[in-house]
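What follows is a set of notes on a single structure, which appears directly below.
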Amino acid sequence: MGRFFLTTPIYYVNDAPHVGHAYTTVNADALARWHRLAGDEVFFMTGTDEHGAKVAESAAEHGTEPKNWADQTAARFEAAWRGLDISYDDFIRTSEPRHYRAVQTFLQRVYDNGYIEKGLYQGLYCVRCEDYYTEEELVGGNCPNHGTPVTFMEEENYFFKLDQFTDRLLAWYESEPEAVRPASKRNEALGFIRGGLRPISITRTSLRWGVPVPWDDGHVFYVWYDALINYLTAIGYGTDDERCAAWWPNVHHLIGKEILRFHCVWWPAMCMAAGIDPPANIFVHGWLLFGGEKLSKTMLQRLRRTAEEVKLTDVAPDVLTDDFGVDPIRYHLLRVPLGNDSDFSYDSIVTRYNADLANNLGNLAARVATVVGSKCGGTGPSPDPASPLAPVAAETVAEAGAAWERFAPHEALAATWRLIGAANALLESTEPWKMSPGAELDGVLGSALEVLRIVALLVSPAMPASARELWRRIGLPGAPEDLGVPDDAAWGGYPGGLRVEKGDPLFPRRRS
RNA sequence: GGCGGCGUAGCUCAGUUGGUCAGAGCACACGGCUCAUAAUCGUGGGGUCGCGGGUUCGAGUCCCGCCGCCGCUACCA
């Protein structure tokens, strides 16, 4: 098959990992897992953005060096992703030597191409922050962090001539209508470009914690200018041209809407300036917004927040996974449509969990296992080739695949649950628990088992551990991810003659 | 202020280029079943598609105005 290069943003280490990060990362992970299942060669990366004044400041506050501080805080992200079963192929940190090399190579080319020039940066500066603020950011005319007066400062900076790329960006958007999705986000980016672009300051002399500017000692690159290049670092830009060419520009950047501007305007322009193609696809998703009953009392206590003051960015992913389990939280994050903002609440997780996981999928597995136990001595029969479920399964596999391809995990899962519903309905209409032993009984139960097999395959990108457990319970060897779609999802793959184990409920129903 | 997004059944949301587009899931009601995690299956209820105009043979779907909520506003993930 093809190659699939997928990225999350690299997260800023000064933040603690929260549900918003998890939303992006879990969706990316599921997409990566789907593409592996579909036979693509996948490169899925995430990482951390570690430079900038805030990190240097935090390090100083903790009496340590920025690099040490970044080591500690980057580890929190790695731990969070382990906890969510994230299967990244690379975790890049912008403080790594390989990144310094890539950034310097990339920006030297931009410089050599004439798109960087020296200029004067002026702004309101807080000495203690070692950083500039805009007037809107000030609180009562003072630094929002320290409450102390700011001073007007100016320093020589290098500027990227973003303004020279207006026409090329517009032409790019015109010729690549699918580059930025969904269309509403594309329009937002276009609107910004049409509004007029200005040169942007990309270096600082007031800061040491950053990638040194190769042509001028004393300057370091500033924030986004080094961070965005991480996507190229990871594929060997500047050091392994062959590998880089294999993956670029056919990349998929999955990002949140708050960083649309950097990815959809600056980044393509930077690529053009460096003489490489802009990224093929940037998929912009919305935010999870708290609504309704936000969290349980236990969770609020753990977070030391009240229901009124808790924000989504206060919620660490493990607060949720400790309560619901990893796969149910993954599932919930994946059932949220990727694109617009969505509502997020504790109640909605419970509702979704009970309806989809406990009542439909979990209960289907349980009832099938029970009847196989009582009617077939615990040995699963093979499916009926002419089962009415066969065409439903085929349609589901096709729909799910198409949905994953268009970055719509929620639709892939919705399709899969229609197959689960069809299997539950078939059991109602045929009532195998009333049948006598024979071909008809075997056909119905074998077909139900085949649905479970196909469902395990289809949900494995979303809930890898649960899929493996379901796979094991219906007696299959190996794991779903050892197989491939769509071939192995074709009707009739369940061989029959396997031991079927009921076990405890896969997803115990929740009371509250 | 400027730019952009959103406002569709009790709840959460789908609704390509205007004409079965008035839908899904959850919740609810009634009925069936009792293999199953008080699970499942069937049926049903109808919301002036934020408000007011307009274009059109016909508009959640296009245009204008208004109201409400939200994001971005440049070097701050």
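This structure is a prediction, so every number in the text was calculated from the model and none was measured.
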No-hydrogen, no-angle side-chain donor-acceptor test under 3.5 Å, A:His285 and A:Asn27: no
What's the gap between [N] and [M] when it is taken at their [atom1] atoms, as a whole Å value?
N	M	atom1	value
B:rC21	B:rG65	C1'	26 Å
B:rC49	B:rG60	C1'	5 Å
B:rA74	B:rG2	C1'	14 Å
B:rG10	B:rC41	C1'	24 Å
B:rA9	B:rC30	P	25 Å
B:rG31	B:rG50	P	37 Å
B:rA39	B:rG46	C1'	29 Å
B:rC66	B:rU43	C1'	43 Å

Can you say whether the rings of A:Tyr11 and A:His21 are parallel (under 30°), tilted (30 to 60°) or perpendicular (over 60°)? perpendicular
Please work out whether the ring planes of A:Phe160 and A:Tyr225 are parallel, tilted or perpendicular, with thresholds of 30° and 60°. tilted
Could you tell me how far apart [X] ([atom1]) and [N] ([atom2]) are, to the nearest whole angstrom?
X	N	atom1	atom2	answer
A:Arg204	B:rA74	CZ	P	13 Å
A:His263	B:rA74	NE2	P	19 Å
A:Asn230	B:rA77	CG	P	14 Å
A:Arg352	B:rG25	CZ	P	13 Å
A:Arg194	B:rU73	CZ	C1'	18 Å
A:Leu260	B:rC72	CG	P	12 Å
A:Arg181	B:rU16	CZ	P	17 Å
A:Asp226	B:rA77	CG	P	10 Å

Under 4.0 Å, counting only non-hydrogen atoms across every strand here, what does [X] touch: a base, just sugar-phosphate, or nothing?
X	value
A:Pro9	nothing
A:Lys502	sugar-phosphate
A:Leu364	nothing
A:Trp266	base
A:Gly20	nothing
A:Phe507	base
A:Ile200	base
A:Thr370	sugar-phosphate

Please check if the side chain of [X] supplies one atom and the backbone of [Y] the other of a donor-acceptor pair under 3.5 Å.
X	Y	answer
A:Asn157	A:Arg204	no
A:Arg76	A:Val13	yes
A:Asp163	A:Leu197	no

Taking for each residue the nucleotide of RNA chain B bearing the nearest heavy atom, is the 5' side occupied by A:Ala358 or by A:Ser429? A:Ala358
Relative to the 5' end of RNA chain B, which residue comes earlier, A:Asn360 or A:Asp356, by the nucleotide with the nearest heavy atom? A:Asp356
Sort out the partner of [N] for me: Watson-Crick or G-U wobble, both distances under 3.5 Å, none otherwise.
N	value
B:rA74	none
B:rC69	B:rG5
B:rG18	none
B:rC28	B:rG44
B:rA38	none
B:rG60	none

Nearest to the side chain of [X], heavy atoms from C-beta on, is which of [options]?
X	options	result
A:Ala425	B:rA77, B:rU37, B:rG42	B:rG42
A:Asp343	B:rC72, B:rC13, B:rA39	B:rC13
A:Phe192	B:rA74, B:rU37, B:rC35	B:rA74
A:Glu188	B:rC41, B:rG4, B:rA77	B:rG4
A:Arg367	B:rC72, B:rC35, B:rC26	B:rC35
A:Phe262	B:rA77, B:rG71, B:rU34	B:rA77

Whether the side chain of [X] and the base of [N] hold a donor-acceptor pair under 3.5 Å is what I'd like checked.
X	N	value
A:His18	B:rA77	yes
A:Asn363	B:rA36	yes
A:Glu428	B:rG32	yes

Look at [X] and [N] and indicate whether a side-chain polar atom (N or O) is within less than 4.0 Å of OP1 or OP2.
X	N	value
A:Lys434	B:rU34	yes
A:Asn359	B:rU37	no
A:Arg261	B:rA74	no

Under 5.5 Å and under 30°: A:His410 stacked on B:rA14: no
Give me the one residue out of A:Pro381, A:Pro383, A:Pro432 that meets side-chain contact (heavy atoms from CB on, under 4.5 Å) with A:Asp442. A:Pro381
Cationic tip of A:Lys257 above A:Trp287 ring, under 6.0 Å, 45° of axis: yes
Per the O4'-C1'-N9-C4 / O4'-C1'-N1-C2 angle with a 90° window around 0, B:rG60 comes out syn
Would a 4.5 Å heavy-atom cut-off, applied to side chains only, mark A:Tyr111 and A:Leu107 as touching? no
